[in-house]
S.K.: 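My structure is below; once you've seen it, I'll send some questions.
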2 protein chains.
Amino acid sequence: MADPSDILSLAKRRGFIWPAYEIYGGVAGLYDYGPLGAEMKRNIEGYWRELYIHQEGFLEISCAVLGPREVFEASGHLKEFTDLVVQCSRCGLSFRADYLAEKLHEQPSTLSSDDLWKLLEENNVTCPDCGGELSRPTTFNLMFKTAIGAGAASREGYIRPETAQSMFVNFAAIYRHAREKLPVGAIEIGKSMRNEISPRQGVLRLREINMMEAELFVHPEQKTWPRFAEVKNEELMLLPSESERTIRSSLEEAVRDGIILHETLAYFMWLTWKFLMDLGIDEKRMRFRQHARTEMAHYAQDCWDCEALLGYGWVELVGVADRGCYDVSAHLKHSGADLTAFERFDSPKEVIVKKVMPDLSRLGPLFKERAKYVAGKLSALSPDSLPEAGSDLKLDIDGETVIVPGNCYRVIEKKEKVSGRKIVPHVIEPSYGLDRILYALLDHAYHVQDDYVRLALSGRVAPIKLGIFPLVSKDGLDDIAKEICDQLSSTGVACYYDDSGSIGRRYARMDEIGTPFCITVDYETLKDTSVTIRDRDTTDQVRVMRDGLSKLADRISKNLTLEELNKQA
Amino acid sequence: MADPSDILSLAKRRGFIWPAYEIYGGVAGLYDYGPLGAEMKRNIEGYWRELYIHQEGFLEISCAVLGPREVFEASGHLKEFTDLVVQCSRCGLSFRADYLAEKLHEQPSTLSSDDLWKLLEENNVTCPDCGGELSRPTTFNLMFKTAIGAGAASREGYIRPETAQSMFVNFAAIYRHAREKLPVGAIEIGKSMRNEISPRQGVLRLREINMMEAELFVHPEQKTWPRFAEVKNEELMLLPSESERTIRSSLEEAVRDGIILHETLAYFMWLTWKFLMDLGIDEKRMRFRQHARTEMAHYAQDCWDCEALLGYGWVELVGVADRGCYDVSAHLKHSGADLTAFERFDSPKEVIVKKVMPDLSRLGPLFKERAKYVAGKLSALSPDSLPEAGSDLKLDIDGETVIVPGNCYRVIEKKEKVSGRKIVPHVIEPSYGLDRILYALLDHAYHVQDDYVRLALSGRVAPIKLGIFPLVSKDGLDDIAKEICDQLSSTGVACYYDDSGSIGRRYARMDEIGTPFCITVDYETLKDTSVTIRDRDTTDQVRVMRDGLSKLADRISKNLTLEELNKQA
C-alpha cells in the first residue's frame, strides 16, 4: 500500500498537485493541478466524455457554479447540508464533533447532536490543539455563502456543493433539447465547493472539488436498460449492505437476486467499473459497497459507492444512486415550473375529468359587464383546489376580492380522450469525484524499489506519452530527436524532449512521472533511421523505423504493450 | 449587424446559451451553456490549447478559484477592483454611477467620485427604476467574498476575479517545472467571478466568467521573440492610442515604428488575430485598439484590446498586455517568497559585496558563552539594513533584545565571483474572454434571409459537424443512416441523426445551428453505397462513397470546403 505522504511529495515535486497558495502558507483543502496533473485530469475527463457522450449519448452542459438561495432551499442543502461543530472556548478553533468522537464510537456521524455532546462530555474531550474547553455542538452549513449584487437589493448566493443541481434546474430545457423523449441523460464536468471544517487526508477531502456527474432522467416505471443484455455476464465485486463480506457476482445475478435494484443501476455500475479499470485502477483493489438504509438519503432507492483500496483505506471514488423523483419534484414544487415529461399512450385513453362549470344566468345579474370575466376565472379553477363543492368562493378580480356564491357554479364530471399524461422523471445518478480518481490512479500506479520510483500509469492517463532523447547531444542526434519530438507533438501527442544527464537519469525522470515509453535516437539512427523504444514497466527495448512513429504515437493512449505497439509500427 | 436579441433568442431556443436558474426567475449576469454551447466552448478551448500548448509550449495548470485575502491584498484587487455605486433611497436598488452619467460625459468611468457626484447632482439624475433620490457614490468591491472554515478561526476568502493570479502565485513552481529557464509560459482555462452591480448586454458582462489566460514570464531585458521572424510580414488592423483611425500595418513596421512596444507583444497579438480568424471571426470586423495612458493600469507598459464589431458595437474579446514586473513583484513583496529567476552569466563575474564582520575579541568579554552565537547573527545581517555603519545595534537573541556596541563589528567590502543574478520576470499576458468569443462567433456567423436562419460557423467550432438523414424512414435507409451515424460518432465526430419531417425541414434545423455538412442516405445508396453530402453555405451537393466518410469526417474540423472535402474523400 502506497504511503500517502510519499505520493503527495512526488505529486508536488513533479508538478502533478501543488498545495494552493503555498507562498502564503496555503489553505487547507485547496490544491492546484500543476502541468502534469492538469494534463492527467484532462485525459480522465476526455475518456469519461468518450463513454458518456459518444457511447451513451448523454448531453453535456456547462453551468454557473454560483446560485441564488432559492435553488438550495429547494434542493434541501440549506437545511440538510450541515455538520455538527464544536468550538474551543480558549483558542477559538472549530472542529467536527464526530471527528473528535472517532475513537469513542463506531459511527459517530450517525449520532444526534445531544448524544454526540454527551459522549464528548463523558469522555472529557478537550480541544485537540490547546486543551481548552469545547462548546456544545452547533449546526454549521457547508456551503460557501456570498452576496450577489450590491447594497440593500443584493441577493443571498451560494456556491453549489455539487454539479447535479445545475442539471436538475435545467431539466425542462434538457428535455426539450432531446425532443421530449425519455430516457435523457445530461452530464457536467465542473467545480463545486464544500466548506469543510477540518479538511484532512490530502486531496480526499477538499473545499474545492472537481466533479464529473451524470444525471439520467428515466420513466419512473421503466428501469430496464436496452444495452443491459450486452454486459449482463460481466462481474463486479459487491459488498451488499446486509452482507459481511464482498461477493463476486454477475450483473444478471445481482439484479435477479434483488441485490442491485434494477438493470439501469447495474448497467451504470458496470460502466463505472470499466471506466476505472481502463484508466488504471487495480481491479483487485476495487469494490462496490451498498449504502446501509441509515446511511442513504431518505429519498434514495438504492445507492452504491465504488471504492478503491488506497493508502488511506477504502475510499469512495464514485457513487451510483437511484434518487427517485426527489430532485425534480423538489424543484417543481419550489419553482412552480413544469418539470414533467409527457408520456404518450399507445392509443388515446378515455378518462373522467372534473371541471368547474360556471352558471352565467346567475353570474349575469350579480356581476353585470364583468360576468363573463368571472366565468372565465371560475372555469380555470381546478376542482380539487375548491374547499367544498357548492361553497362560496373568494376570487381575485383585478386586484379586488369578490365573493362568488356557491349556486353560481357546479362541478361536473366529463369523459375526455387524452393522448398521454404528465410524469415526474426519476433520476439515476453516477457521480464521479475527479480529484479522488486522479489521486487513486497515482496510488495504484506507485511502485518503489530501492528508492527507484516507477509510476505505472496507463497510456490513457499518462500526462507525457513519450520521452524523446538523443543518446548524446552531438553529431546531429539532438537535432533528429528534437525533430521527432516536434513532429509527434504537432499531432497532439504529449512528448518530452530531454538531453540532460545520462540516459539512465533521463529514463528515471520519465519512469517517475509515468511516461509509458521512451524513444532514443542513437548512431544507428544515422545509418538506417531506426530508433529504440523502451518500455517503462519491463525496461525491454525494441528498434523501430522512424516512419512508423507517427502511427504508433496515438495508439499509446489505447494502452498497448510494447509488443503490440511494435507489431503495429 | 446581427441584433443581439435575435442571437440570444436563437441561442436559448437551440441549446447554446440558457439564462441560468430560469425556473427561479434567473439571476442577472449568470448563464449556462446548453449541449450545443458546451460543445462549442470545448471546441474553442481545444483549438486554443493546440496553439498555446502544442505550438508554443506553454504549461497548463488548473487551480483553485477560491483564495485567501492575502492573495488579493497583494494583487491590488482588494483596494483597486471597485466600482462607484449609488443607491436609491426609496427602492434600495444600486447602480453603477458611471452608467447613470453615460449621456452626460464622454468617459464617465474616468471621473473621480466627487466629480461624478457633481455631474449627477447638477443634472438631477434620479433612480432609473422608481425616480427616487440617489445616495452619494460609495466604493463597492467587485469580488465575491465568503468565509473559509467555521467560527472564530475562519478566514476571509474571495473568488478570484481573473485566472491570472493563480499563475502568478505559482510562478516559483512553474519556473522549477520548466527546469529554471526563461521564458516560460503558463496557461489556465477556468472560471472567475465579478460581482457586477448592473450586469447588462446579455453574456458580455457576466458575474461568472470563463477565461483563457496565458502568462508568459520573460527576462525584463529580453523581449525579442525567436519566432517573430516567421510572422513579421503578417498584417493587423491597429488603432493606436494616439490615432483617430485604424491603420493596416505589418508586425515588423509596427514594432519598428514604436507603435507596438516589442516583438513578443506583437507576436502574441498576431497569434490572437490568427486564432480568432481561424475560429470564424470576420477579419473585416476586427481590430486591435491600444489603451490610452489614462485607461491603462499604471504598471502596464503597453496594452492592446482585440475588438470585434458586434450588434452591441466594438467589443473587447482579448487583451494583450505587457504587465512589466508588477504582478510577480507584488506577490514577492507580500509573501516574502523567492519569486525570482536566476540569470546565469556567460562567465562568472567579479563583484564587490559588502559584509558585516563581527569582532570576536570584543564580543567575547561582553557576551561570554553566547559570543559566537551573537557573531553568527551579526554576519547574517545585510549591511544595507543597518541604520549607520558603526552604530549600536539591537539584536533579538533567543527572544531577548540585546544591544551590540558599534565597535563590535565592521562593514567590509569584498570581491567575490558570482555566476549570475536574481531577476524578477516581466509578464506578457494574452487574456481571452471565452464567453465573449463564443458570442462573437454566433454574431458573425448569423445570417437571416426571409426568416430563414443560417449560422455559418466554421467546421472548427460547429458543435455538430454532420447531420445524417435517411431520405425516408423505410426500406432500410434509416438503418444505414443510423449505422453511419454510430460509426462516425465512435471516432469522436459530433453527428446528429434526424429522420423526422421533410428533408427540407431537417436541413433547416441543421443550418440554424451551424452544422457545416449534411449526409443523406437515399435509394442510390442501396445500389452503390454512395451518399450525398450537402454544403450548408452553398447548398451544393455531391455524391461520395460511404467508404470515404470516415476519412472525411475529422477533416471537417480543419475547415475544408465541400470541394476540398470531395477531393480528399
Side-chain angles (χ1 to χ4, degrees), chain A residues 15 18 20-21 23-24 27 30-35 37-39 41 50 54-55 59-68 70-71 85 87 92-94 140 144-153 155 157 159 166 169-170 172-173 177 191 193 195 197 207-208 331 335 337 339 489-490 492, chain B residues 15 18 20-21 23-24 27 30-35 37-39 41 50 54-55 59-68 70-71 85 87 92-94 140 144-153 155 157 159 166 169-170 172-173 177 191 193 195 197 207-208 331 335 337 339 489-490 492:
Chain A
W18 294 329
Y21 311 110
I23 63 170
Y24 291 103
V27 178
L30 295 183
Y31 285 84
D32 292 340
Y33 288 105
E39 180 90 24
K41 174 165 161 275
E50 238 176 73
H54 300 135
Q55 181 178 312
L59 299 167
E60 180 170 7
I61 64 176
S62 180
C63 300
V65 302
L66 176 64
E70 296 92 306
V71 172
V85 175
Q87 191 168 333
L93 285 183
S94 293
F140 177 73
F144 284 100
K145 185 177 173 178
T146 190
I148 307 176
R155 294 171 77 172
I159 306 292
S166 302
V169 298
N170 278 314
H177 192 83
K191 295 240 182 199
M193 292 196 204
N195 196 2
I197 296 144
R207 283 180 164 145
E208 206 175 310
H331 286 296
S335 70
L339 301 183
S489 296
S490 73
Chain B
W18 294 329
Y21 311 109
I23 63 171
Y24 292 103
V27 178
L30 296 184
Y31 285 83
D32 292 338
Y33 287 105
E39 179 90 24
K41 176 166 159 275
E50 236 176 74
H54 299 135
Q55 181 178 311
L59 299 167
E60 180 171 7
I61 64 177
S62 180
C63 299
V65 303
L66 176 64
E70 295 92 306
V71 171
V85 175
Q87 190 168 335
L93 285 182
S94 293
F140 177 73
F144 285 100
K145 184 177 173 177
T146 191
I148 306 175
R155 294 170 76 170
I159 306 291
S166 301
V169 298
N170 278 314
H177 191 83
K191 296 240 182 199
M193 293 196 203
N195 196 4
I197 296 143
R207 283 180 164 145
E208 207 175 307
H331 287 295
S335 69
L339 301 182
S489 295
S490 73

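So that the names make sense, note that chain A is the first sequence line, chain B the second, and so on, each numbered from 1. Owing to the predicted nature of the structure, the values given are computational and were not obtained by experimental measurement.
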S.K.: Of all of B/A150, B/S490, B/A147, B/G67, which one pairs up most often with chain A through heavy atoms under 4.5 Å apart?
M.R.: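 The candidate making the most pairs under 4.5 Å is B/A150.
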
S.K.: What part of A/I148 gets closer than 4.5 Å to chain B, counting heavy atoms only: side chain, backbone, both or neither?
M.R.: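 Both parts, heavy atoms under 4.5 Å.
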
S.K.: Tell me, side chain or backbone of B/A172 under 4.5 Å from chain A's heavy atoms, or both, or neither?
M.R.: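 Contact with chain A: none, neither part.
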
S.K.: Could I get the full list of side chain to side chain donor-acceptor pair (under 3.5 Å) partners for A/S94, not counting sequence neighbours?
M.R.: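 So A/S94 forms no side chain to side chain donor-acceptor pair (under 3.5 Å) with any residue.
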
S.K.: So which part of B/A153 gets closer than 4.5 Å to some heavy atom of chain A, the side chain, the backbone, both or neither?
M.R.: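 Its backbone and side chain both get close to chain A.
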
S.K.: Less than 4.5 Å to any heavy atom of chain A: does that hold for the side chain of B/F140, its backbone, both, or neither?
M.R.: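 Side chain only.
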
S.K.: A side-chain contact here means heavy atoms from C-beta on lying under 4.5 Å apart; do A/I61 and B/P35 qualify?
M.R.: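 Of all side-chain heavy-atom pairs linking B/P35 with A/I61, at least one is under 4.5 Å.
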
S.K.: Can you tell me which of B/G15, B/A38, B/G149, B/G151 forms the most heavy-atom pairs within a distance under 4.5 Å of chain A?
M.R.: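 With the most close heavy-atom pairs to chain A, the winner is B/G149.
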
S.K.: Among A/S489, A/G34, A/A152, which has the most heavy-atom pairs under 4.5 Å with chain B?
M.R.: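 Answer, by heavy-atom pair count under 4.5 Å with chain B: A/A152.
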
S.K.: So which of B/M193, B/E50, B/Q55 has the biggest tally of heavy-atom pairs under 4.5 Å with chain A?
M.R.: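 Highest number of pairs under 4.5 Å: B/M193.
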
S.K.: Name all residues meeting the side chain to side chain donor-acceptor pair (under 3.5 Å) criterion together with A/N195; count only those two or more places apart in sequence or in a different chain, and write none if there are none.
M.R.: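 Listed in chain order: nothing, the list is empty.
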
S.K.: So which atom in B/E70 and which in A/Y24 form the shortest heavy-atom distance, rounded to 0.1 Å?
M.R.: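 Closest pair (atom of B/E70, atom of A/Y24, distance): CB-CD2, 3.7 Å.
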
S.K.: Drop me the distance from A/S335's OG to B/Y21's OH, to the nearest 0.5 angstrom.
M.R.: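 Reported to 0.5 Å precision, the distance equals 14.0 Å.
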
S.K.: Do you know which of B/K191, B/E39, B/K41 has the most heavy-atom pairs under 4.5 Å to chain A?
M.R.: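 Highest number of pairs under 4.5 Å: B/K191.
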
S.K.: Counting heavy-atom pairs under 4.5 Å to chain B, which of A/K145, A/H54, A/E208, A/H331 comes out on top?
M.R.: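 Of A/K145, A/H54, A/E208, A/H331, A/E208 has the most heavy-atom pairs under 4.5 Å with chain B.
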
S.K.: With a 4.5 angstrom heavy-atom cut-off, could you sort out which part of B/I23 is near chain A: side chain, backbone, both or neither?
M.R.: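 Contact with chain A is through both the backbone and side chain of B/I23.
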
S.K.: Heavy atoms only, distances under 4.5 angstrom: which of A/L66, A/L30, A/L339 has the most pairs with chain B? Name it, please.
M.R.: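 Highest number of pairs under 4.5 Å: A/L66.
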
S.K.: Do you know which two heavy atoms are closest between B/R207 and B/V27, and how far apart they sit?
M.R.: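 The pair with the smallest heavy-atom distance is NH1-CG1, 4.2 Å.
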
S.K.: Is B/E60 close to chain A through its backbone or its side chain, or both, or neither, when contacts mean heavy atoms under 4.5 Å?
M.R.: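 Both parts, backbone and side chain.
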
S.K.: Specify which of A/A20, A/P68, A/G157 makes the most heavy-atom pairs with chain B at under 4.5 Å.
M.R.: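 Most heavy-atom pairs within the cutoff with chain B belong to A/P68.
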
S.K.: Top residue by heavy-atom pair count (under 4.5 Å) with chain A, among B/I159, B/V65, B/V85?
M.R.: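 If we count pairs closer than 4.5 Å to chain A, B/V65 comes out on top.
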
S.K.: Against chain A, label B/Q87 side chain, backbone, both or neither, depending on which of its atoms sit under 4.5 Å from a heavy atom there.
M.R.: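 Contact with chain A involves the side chain of B/Q87 alone.
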
S.K.: Relative to chain A, which of B/S166, B/A337, B/G37, B/A173 shows the most heavy atom pairs under 4.5 Å?
M.R.: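 So the answer, after comparing B/S166, B/A337, B/G37, B/A173, is B/A173.
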
